[in-house]
Amino acid sequence: MEYSEKVMEHFMCPQNCGRISNPDVSFAYGDPSCGDAVIFFMRVKDNIIEDISYLVYGCCAAVASASMGSVLAKGKSLEEALTITDEQIEQALEGLPENKKHCSNLGASAIKGMIGKYLAIN
Ligand code: FES
């Protein structure tokens, strides 16, 4: 299986990884088919994602997808970040092997779910 250089970069050095202090919301999401899971944290100011982070357990592509999802979402408005798709994450990672395409869903679904939860409680 061949991973792109971008996937390896985000796997070896995940961006925004960890737990931010005083998050406004957190959201856990897992892929039942493989057992991989992520929990995202987010702080929002004036409708902008001021800070975002995650803890992830999973394959190389899952780690890279969570990392790239956080990069794409940080600094965006909630509405903009809601439009982040699996395909955008995969493209930003310069592609994923065929059997790993579903892994990009981990980042996108968790971010969508987290924003939905935030909007529901605010
Ligand atoms: Fe489960 Fe990659 S194999 S997210």
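All ligand and atom numbering here is 1-based and tracks the order in the structure.
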Seminar exercise, completed: Between I52 and K74, the two heavy atoms sitting closest are CG2-CB, 3.9 Å
Seminar exercise, completed: Between D86 and A108, the two heavy atoms sitting closest are OD1-CB, 3.2 Å
Seminar exercise, completed: When rounded to the nearest 0.5 Å, the distance separating CE of M68 from CD1 of I84 is 11.0 Å
Exercise. Which residue pairs pass the ring pair (Phe, Tyr, Trp, His ring centres under 6.0 Å) test when at least one of the two sits in residues 20-52, sequence neighbours left out?
Worked result: F40-Y54
Problem set entry | Reported CG-to-CD distance for the pair L72 and E80, which is rounded to 0.5 angstrom | 11.5 Å
Exercise. Which residues and atoms, protein N, O or S only, are under 2.8 Å from atom 1 (Fe) of ligand 1?
Worked result: C34 SG, D36 OD2
Seminar exercise, completed: In short, I89 meets S104 closest at the heavy-atom pair CD1-O, 4.0 Å
